[in-house]
2 protein chains.
Amino acid sequence: MSLRHALLALLDAGPTTGYELAKQFDQTVDYVWPAQHSQIYTELRRLEAAGMVAAETVPRGLATKRAYRLTAEGDAELRRWVAEVAEPPPVREPAYVKATYFEYGTPQQAREQFRAHRAHYEAQRDRYERHIDQLERRDTALLRRRLAAAPAAAHDAIVAYKVHAYRGLVARARAEISWAERGLELVDRLAEHPAAYVIPDIPEPEGER
Amino acid sequence: MSLRHALLALLDAGPTTGYELAKQFDQTVDYVWPAQHSQIYTELRRLEAAGMVAAETVPRGLATKRAYRLTAEGDAELRRWVAEVAEPPPVREPAYVKATYFEYGTPQQAREQFRAHRAHYEAQRDRYERHIDQLERRDTALLRRRLAAAPAAAHDAIVAYKVHAYRGLVARARAEISWAERGLELVDRLAEHPAAYVIPDIPEPEGER
DNA sequence: AGCTCCATGTAAGTCGTTACATGATTCA
DNA sequence: TGAATCATGTAACGACTTACATGGAGCT
């Protein structure tokens, strides 16, 4: 359950209302673990019931909002989760399932799939890269709060781990783009020389940027 | 819904019982879309209710088994699905979520995470490569049935698309391994020179194998 | 007065996981 | 006769999606 622990981590930067938390979530965790606001509110209530966060009702004009803060139990759970080695979930990739059965479609349909795949991951890659820029400039509200709450000696590591994660996502996106492009080449070869194609292997990620 | 369509594709190779289908599934689709047998039986019943497959009760000693075959509607649905361009599902990666928060753990804990990540994807990579070998040798029972049911001119494409998909998975696994290794280097730099680290970018997948 | 943002949820449904359940056949 | 394999499910639960629902606050 990454949602639960990501919320604990966000709350470690200081007390926050559900709404603020959801907005911060959208700008950070959402890149690697998307969730709707409704799910966040639900999870916060569950965390509260589990004693990992505590909520305080804060007046807001005539209405009220709820400010959540991390409890000692929540903090312990966060650290337990970070230390715990978890198996990655199994691969579950619709695009690869479908690619396995492209023979049921026309070459043109296969091309469209690969082009859409490439376009999607190009957009993702750009999104990740913009986020890396923000992180490196320490230019997000959440990161500033987080750094302010942490000892200066830890600042580099806090930023570095996040940047490393997003660099990894960029590399993944590039692998997808490369796969789609080789897919397009394969479709061309199959369509033009249906009896004499060769499938070149995908090279290892080696060399400089 | 990839499960549904993968089952339709498996059935295109000819009538099969649920059990056989589940076994074939384990040796093929399961690489990219895992499912329990119980889920496959449930989905087959649902496909039957939707008119996409038809079942025939076959005697087996005193008991019976059900042999499923693709209907015209099922075939049409399979082709519709292949032609349909679908957005890839959003990234949802526990390992990357956690890596974003490695500052909550010790360097040693971070190392263990990265090592487990590397080991996992090395095993996956080897699994995929073994499957590619099988495909290239046309050495799986299912592939042989599938090829036997298809015109000879289509054989190359049938194999080539599958090989391409698994090559892509190998490339993904390699990207994960590379990410984990750079993660290990990062932990070392942070632990040894906490104030003077540099995060090298991950190079593009360029160059020869 | 109306729009945007703030703020918090409920409800229904889908998909998938985990555990449980049962019994026949085949082969050593 | 006992184990492995064949064969087919049900039940409960959890996570997430989609849609719906409501109302205050702040600004123009």
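Throughout, protein chains are lettered first and strands after them, A, B, ... in sequence-line order, and every chain is numbered starting at 1.
Salt bridge present: B:Asp75 and B:Arg79 bring a charged side-chain N and a carboxylate O closer than 4.0 Å.
Here the side chain of B:Thr17 is nearest to one of D:dA7, C:dA7, C:dG16, namely D:dA7. Side-chain atoms of B:Tyr68 lie closest to D:dG9 of the nucleotides C:dT10, D:dG9, D:dA7. Closest contact between the side chain of B:Tyr41 and the listed nucleotides D:dA7, D:dG24, C:dC6 involves D:dA7. The side chain of B:Arg46 lies closest to C:dC15 when the candidates are C:dC15, C:dT8, C:dT25.
Put simply, NZ on B:Lys23 is 8 Å from C1' on D:dC6, counting in whole angstrom units. Separating the CD atom of B:Gln39 from the C1' atom of D:dA15 is a distance of 14 Å, rounded to the nearest angstrom. Atom-to-atom, CD of B:Glu56 to P of D:dT8 comes out at 13 Å; the value is rounded to the nearest Å. Rounded to an integer number of Å, the gap from A:Lys65 NZ to C:dG9 C1' is 17 Å. Taking atom CD of residue A:Glu43 and atom C1' of nucleotide D:dT17, one finds them 15 Å apart after rounding to whole Å. The distance between atom CG of B:Leu3 and atom P of C:dG16, rounded to the nearest whole Å, is 6 Å. Rounded to a whole Å, the CZ atom of B:Arg60 is 9 Å from the P atom of D:dC6.
Judged purely by distance below 3.5 Å, without hydrogens or angles, the side chains of A:Tyr128 and A:Arg130 never pair a donor atom with an acceptor atom. With no hydrogens or angles considered, a side-chain donor-acceptor pair links B:Tyr104 and A:Asp12 at under 3.5 Å. In this structure, a donor-acceptor pair under 3.5 Å is absent between the side chains of B:His117 and B:Trp179.
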